[in-house]
Structure formats: C-alpha cells, structure tokens
Amino acid sequence: MFKNIKCNGEKMLKKENLKFKLVDVEDAKFILKLRTDGRLNEFLSQTKPNIEEQKKWIEKYKSREREKIEYYYIIEYNNVKYGTLRIYNINNKMATWGSWIISPERPKGLADLSAYESFKICFEKLDLEKLVLDVLKNNKKAIYLYEKYGFKKYKEDEEYFYYYLTKENYENKLKF
C-alpha cells in the first residue's frame, strides 16, 4: 500500500523510509516540544511544559501498551522524528485514532503518508474493524484531512464533530 506519495510534482516519499516507533520515556522531550509548539497546539488538550510530568505520563502509558489497549508512536522519516500518533481505547475491534501531530518542518507529503500507513497498522496489523475520533468544530484543516481519508461524521455536539472510519471503507477507498 502506498509505496510512494507524490507531492505537487516534487520528490517522492518512500514508505520504506517511514517508521512508527513505540514511544519510550526518552521521547518525552520531543513529545513535549510538539505539544507545546504554538503552531501546533491550538486544537490540542493543554500540556504543561514539565518534562518530569511527561515522563510519568509515558510510564503510565507503557502499562496500557502492555495490556494492548493503547499504542503511542513516534513518527520518523529517514530516522528523523517528525510526529506522534496514538491508537487508544482499543476494545472490541474498535479504537480511537488521535494525538496525530506532525512537525511543520516535515517533508511535504509526510502527513498523508503517515496517516495512510497508520491505517494499515490499525486495520491490518491490529486487525481493528473501526476507528473513531473527535475533532473541534473550528479545526477546519483536520476536518478536511479526515474527510479526505474517508472518515464519516456520525454525530456532533456544541464543540466537537465525531467521525469514524471502518475497515471496509479503508479497504475500498485507501488501500490499493
């Protein structure tokens, strides 16, 4: 799936150069840098710029990883860290897809490539049937991307839209 992603006629990104590495405590500084970056955190839950708290959070996360109810990845391309992604609340072949943060310094096309490859992890490696996510209504860029990737809106409240992506829709729309 998606051997290469072509970006505006520019150089192709190769999926072989993309890596999803499970988060470790040593990644706390990088995660904190992304989550506290003013260009990226407008639509994120608040994160205190405290490295020790971030390390403690990661240590607690690692127990959820061992229980196979959450996976938190660092997204690397050519061995450089560019982003994060969480697959969490895993239960009954369903999970929440989120904490997808990609650095503005990323190569063009990396956001799409990382999203597509993350769906492959969810639906092929973890054998999930459905992904869900929520997004603030004013996060227009994310909404555009989620809909482009085939997510369908199923409800809303005052602040959020709620989306889902099924394995069937992934296989029909994204996998080729």
Undergrad: What verdict does the side-chain contact (heavy atoms from CB on, under 4.5 Å) test give for Lys153 and Glu156, after you've listed the backbone C-alpha separation in whole Å, the side-chain angles of each residue and the deciding distance to 0.1 Å?
TA: CA-CA 8 Å; Lys153 184 173 21 170; Glu156 65 181 271; 4.2 Å; yes
Undergrad: May I ask you to say whether Lys62 pairs ionically with Glu65, meaning some side-chain N is under 4.0 Å from a carboxylate O?
TA: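 Judged by the 4.0 Å cut-off on N to carboxylate O distance, Lys62 and Glu65 do form a salt bridge.
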Undergrad: Nearest 0.5 angstrom please: Tyr71 OH to Leu22 CG, how far?
TA: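 Tyr71 OH to Leu22 CG: 8.0 Å, rounded to 0.5 Å.
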Undergrad: Looking at Asp24 and Glu26, would you say the former's side chain and the latter's main chain have a donor-acceptor pair under 3.5 Å?
TA: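 Flag not set: sc Asp24 to bb Glu26 has no pair under 3.5 Å.
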Undergrad: What I want to find out is whether Glu70 reaches Arg86 closely enough, with some N-O distance under 4.0 Å, to be called a salt bridge.
TA: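 Looking at Arg86 together with Glu70, the answer is yes, because their closest N to O distance falls below 4.0 Å.
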Undergrad: Would you check if Val132 and Tyr154 make a side-chain contact, meaning some heavy-atom pair closer than 4.5 Å?
TA: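 Yes, their side chains come closer than 4.5 Å.
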Undergrad: Looking at every heavy atom in both Lys130 and Phe123, which two are closest together, and how far apart are they?
TA: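 Scanning both residues, the minimum pair turns out to be N-CE2, 3.9 Å.
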Undergrad: Is there a side-chain contact between Ile31 and Gln54 (heavy atoms, below 4.5 Å)?
TA: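 With C-beta onward as the side chain, the pair touches.
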Undergrad: Heavy-atom distance under 4.5 Å between the side chains of Leu128 and Met94, does that happen here?
TA: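 Not in contact.
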Undergrad: According to salt bridge (Lys or Arg N to Asp or Glu O under 4.0 Å), does anything in residues 76-85 pair up with another residue at least two apart or in another chain? List the pairs.
TA: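 Of all non-adjacent pairs touching residues 76-85, those that pass salt bridge (Lys or Arg N to Asp or Glu O under 4.0 Å) are Asp27-Lys81.
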Undergrad: Would you sort out whether Lys120 and Lys125 count as a side-chain contact (heavy atoms from CB on, under 4.5 Å), showing the intermediate values?
TA: CA-CA 7 Å; Lys120 183 176 182 178; Lys125 183 177 178 186; over 6 Å; no
Undergrad: For the pair Asn17 (side chain) and Asn78 (backbone), establish whether a donor and an acceptor sit closer than 3.5 Å, ignoring hydrogens and angles.
TA: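 Not confirmed, Asn17 side chain does not pair with Asn78 backbone.
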Undergrad: With side chains defined as the heavy atoms from C-beta onward, is the minimum distance between Ile75 and Leu18 less than 4.5 Å?
TA: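 The answer is yes, as the side chains (C-beta and beyond) meet within the 4.5 Å cut-off.
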Undergrad: Applying side-chain contact (heavy atoms from CB on, under 4.5 Å) between Phe151 and each of Thr166, Leu133, Val135, report the one that passes.
TA: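 Only one of Thr166, Leu133, Val135 forms a side-chain contact (heavy atoms from CB on, under 4.5 Å) with Phe151, namely Leu133.
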Undergrad: Run the ring pair (Phe, Tyr, Trp, His ring centres under 6.0 Å) test on Trp97 and Tyr163 for me, step by step, so that the C-alpha distance in whole Å, both residues' side-chain angles and the decisive distance to 0.1 Å come before the verdict.
TA: CA-CA 10 Å; Trp97 189 90; Tyr163 285 87; over 10 Å; no
Undergrad: Hey, does Leu110 have a side-chain heavy atom less than 4.5 Å from the side chain of Leu13?
TA: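 Side-chain contact under 4.5 Å: yes.
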Undergrad: Return the minimal non-hydrogen interatomic distance between Ala95 and Ile87, and the atom names on each side.
TA: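 Reported closest heavy-atom pair: CB-CG2, 3.8 Å.
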Undergrad: Under a 3.5 Å distance rule, please check whether Thr84 uses its side chain to pair with a backbone N or O of Ser99 as donor and acceptor.
TA: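 Checked: pair present.
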Undergrad: Should we say atom NZ of Lys21 is surrounded by more than 12 heavy atoms from elsewhere, each under 6.0 Å from it?
TA: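 Enclosed: over 12 neighbouring heavy atoms sit under 6.0 Å from NZ of Lys21.
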Undergrad: Where is the tightest heavy-atom contact between Leu34 and Gly83, given as atom of each residue plus distance?
TA: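 Distance-wise, the nearest heavy atoms are CD1-CA, 3.7 Å.
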Undergrad: Might you confirm whether atom NZ of Lys137 has over 12 heavy atoms from other residues, nucleotides or ligands at distances under 6.0 Å?
TA: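 Check passes, neighbour count above 12.
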Undergrad: For the CG atom on Asn92, are there more than 12 heavy atoms of other groups (residues, nucleotides or ligands in this structure) within a distance under 6.0 Å?
TA: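 Not buried by this count: 12 neighbours or fewer within 6.0 Å.
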Undergrad: Between Ser118 and Ala115, which heavy-atom pair has the shortest distance, and what is it?
TA: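 Closest approach of Ser118 to Ala115, heavy atoms only: OG-O, 2.7 Å.
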Undergrad: What class does the angle between the rings of Phe119 and Tyr170 fall in, given that below 30° is parallel, 30 to 60° is tilted and above 60° is perpendicular?
TA: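 Rings of Phe119 and Tyr170: perpendicular, as their planes differ by over 60°.
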Undergrad: Consider side chain to side chain donor-acceptor pair (under 3.5 Å). Of Trp100, Tyr73, Tyr77, which one does Ser114 pass it with?
TA: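 Output: one option passes, namely Trp100.
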Undergrad: Under the salt bridge (charged side-chain N to carboxylate O under 4.0 Å, His left out) rule, collect the residues that match up with Asp127, sequence neighbours excluded.
TA: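 Result, salt bridge (charged side-chain N to carboxylate O under 4.0 Å, His left out) vs Asp127: Lys93, Lys167.
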Undergrad: Restricting to non-hydrogen atoms, name the atom on Glu53 and the atom on Asn50 that form the minimum distance, rounded to 0.1 Å.
TA: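 Closest approach of Glu53 to Asn50, heavy atoms only: N-OD1, 2.9 Å.
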Undergrad: Do side-chain atoms of Lys68 reach the backbone of Ile90 as a donor and acceptor pair under 3.5 angstrom?
TA: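 No, Lys68 side chain to Ile90 backbone: no donor-acceptor pair under 3.5 Å.
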Undergrad: Does the pair Tyr149 and Tyr116 meet the rule for a ring pair (Phe, Tyr, Trp, His ring centres under 6.0 Å), with working shown?
TA: CA-CA 8 Å; Tyr149 299 147; Tyr116 294 139; 5.3 Å; yes
Undergrad: Please tell me if the side chains of Ile121 and Leu85 come closer than 4.5 Å, counting only heavy atoms from C-beta onward.
TA: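 SC-SC contact between Ile121 and Leu85 ruled out.
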Undergrad: State yes or no: do Trp57 and Val25 share one hydrophobic cluster built from I, L, V, M, F, W and Y residues joined by side-chain heavy-atom distances below 4.5 Å, directly or via other members?
TA: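 Yes, it is one cluster - the side chains of Trp57 and Val25 are joined through contacts under 4.5 Å.
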Undergrad: Within a 6.0 Å radius of atom CD on Glu168, are there more than 12 heavy atoms belonging to other residues, nucleotides or ligands?
TA: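 No, CD of Glu168 has 12 or fewer neighbouring heavy atoms, counting only those of other groups under 6.0 Å.
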Undergrad: I want to check a possible cation-pi pair here: Lys155 against Tyr162, using under 6.0 Å from ring centre and within 45° of the ring axis as the test.
TA: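 Flagged: Lys155 positioned over aromatic ring of Tyr162.
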Undergrad: Take Tyr61 and Val23, measure what side-chain contact (heavy atoms from CB on, under 4.5 Å) needs, and give me the verdict at the end.
TA: CA-CA 9 Å; Tyr61 144 74; Val23 163; 4.2 Å; yes
